[in-house]
Every structure is written in structure tokens, then in C-alpha cells.
Amino acid sequence: YFKGWEDSGAAVDHLWTGIMAYTADEVPLVGELPGSDGQYVVAGFNGGGMDRIFLSARGIAEMAVNSVLFERTGVPAIYEVTEQRLSRDDTH
């Protein structure tokens with residue numbers, strides 16, 4: 001709803017709904033799952049990560065297809081999925 005548009009004739013044409021995935025530290029999880037060789041994750045973009053998903057997906061593809069190490073993908077280091085990040089419980 002936009003104030004001032006009531007008499008403009010504007011109308012909603014399409015709606016999008018989707019899953020909102022949040023991580024405990026509010027940072028995406030990207031990389032190979034610890035202890036699960038060959039299994040990768042690119043998730044938890046906290047509802048607003050469309051601008052981050054493309055680089056992350058490209059990085060995962062490089063890891064999976066070309067055996068590139070996470071550090072060489074260009075994905076921010078803070079996104080790397082680790083055992084510590086997976087075991088974190090910040091829910092209250």
C-alpha cells in the first residue's frame with residue numbers, strides 16, 4: 001500500500017511469495033558441508049540475498065565441478081559453512 005496512490009488507478013498485477021530462510025548469525029551458509037564430502041549448501045540468505053546468491057552459486061559450482069577450494073571462489077569468507085556455524089544456536 002502506498003499513501004497518495006489511492007486514486008491513481010494503480011493496482012497489484014502480480015504477487016510473489018516464497019520461503020524466508022534465516023541463519024542464527026544472519027549470514028548465508030555457502031560451501032561444502034563439514035563431514036559430508038561432495039555435498040554442498042548455498043542457503044540462508046535471510047530474506048534479502050538476491051544480490052548475493054549469484055556469486056555464491058557460481059562459487060559452489062566451481063567447488064563441485066572443478067574442485068576449487070572455497071578460498072579461491074570469490075565468495076566472502078564469512079559465508080563459509082563450518083561446523084561451528086552449523087552448531088550455533090542463537091534462538092531465544
Side-chain angles (χ1 to χ4, degrees):
Y1 298 94
F2 298 98
K3 293 184 180 195
W5 291 34
E6 295 85 1
D7 298 318
S8 70
V12 174
D13 177 329
H14 291 82
L15 291 176
W16 177 86
T17 61
I19 297 170
M20 301 292 280
Y22 293 90
T23 60
D25 59 7
E26 298 182 1
V27 177
L29 295 164
V30 179
E32 188 168 21
L33 290 170
S36 300
D37 291 345
Q39 293 185 29
Y40 301 88
V41 63
V42 57
F45 287 89
N46 299 293
M50 293 306 290
D51 58 333
R52 301 175 208 158
I53 290 172
F54 295 112
L55 174 64
S56 299
R58 180 177 169 184
I60 288 290
E62 286 291 318
M63 292 174 71
V65 175
N66 298 322
S67 300
V68 172
L69 296 174
F70 181 90
E71 297 79 17
R72 311 274 300 164
T73 64
V75 176
I78 195 171
Y79 291 8
E80 186 173 14
V81 62
T82 64
E83 190 66 47
Q84 180 184 9
R85 289 189 64 213
L86 290 175
S87 64
R88 191 170 172 179
D89 183 7
D90 289 348
T91 57
H92 303 290

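All residue numbers refer to positions in the sequence shown, counting from 1. Keep in mind that this is a model prediction, so the values were computed, not measured. Below, all heavy atoms of this structure are taken into account, side chains as well, without hydrogens, waters or symmetry copies.
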Please answer whether the main-chain N or O of Val68 pairs with a side-chain N or O of Asn66 as donor and acceptor at a distance below 3.5 Å. no
Mind checking the CD-OG1 spacing from Glu71 to Thr73? Nearest 0.5 Å is all I need. 8.0 Å
Is there side-chain contact between Glu32 and Asp37, with heavy atoms separated by less than 4.5 Å? yes
Answer whether the closest heavy-atom distance between the side chains of Leu55 and Pro76 falls below 4.5 Å. yes
Looking only at heavy atoms, the pair that brings Ile60 and Val41 closest together is CD1-O, 3.5 Å
If I compare all heavy atoms of Arg85 with all of Glu80, which pair ends up nearest, and what's the gap? NH1-O, 3.2 Å
Is it the case that one hydrophobic cluster holds both Tyr79 and Ile53, taking links as side-chain heavy atoms less than 4.5 Å apart, direct or via other members? yes
Closest non-hydrogen atoms of Val75 and Phe70, given as atom of the first, atom of the second and distance, are CG1-CZ, 3.7 Å
When you group the ILVMFWY residues by side-chain heavy-atom contacts below 4.5 Å and let the links chain together, are Val42 and Met63 in the same group? yes
Tell me if a side-chain donor or acceptor on Asn46 pairs with a main-chain N or O of Thr23 at a distance below 3.5 Å. yes
Distance col, row Leu33:CG vs Tyr40:OH, nearest 0.5 angstrom, shows 10.0 Å
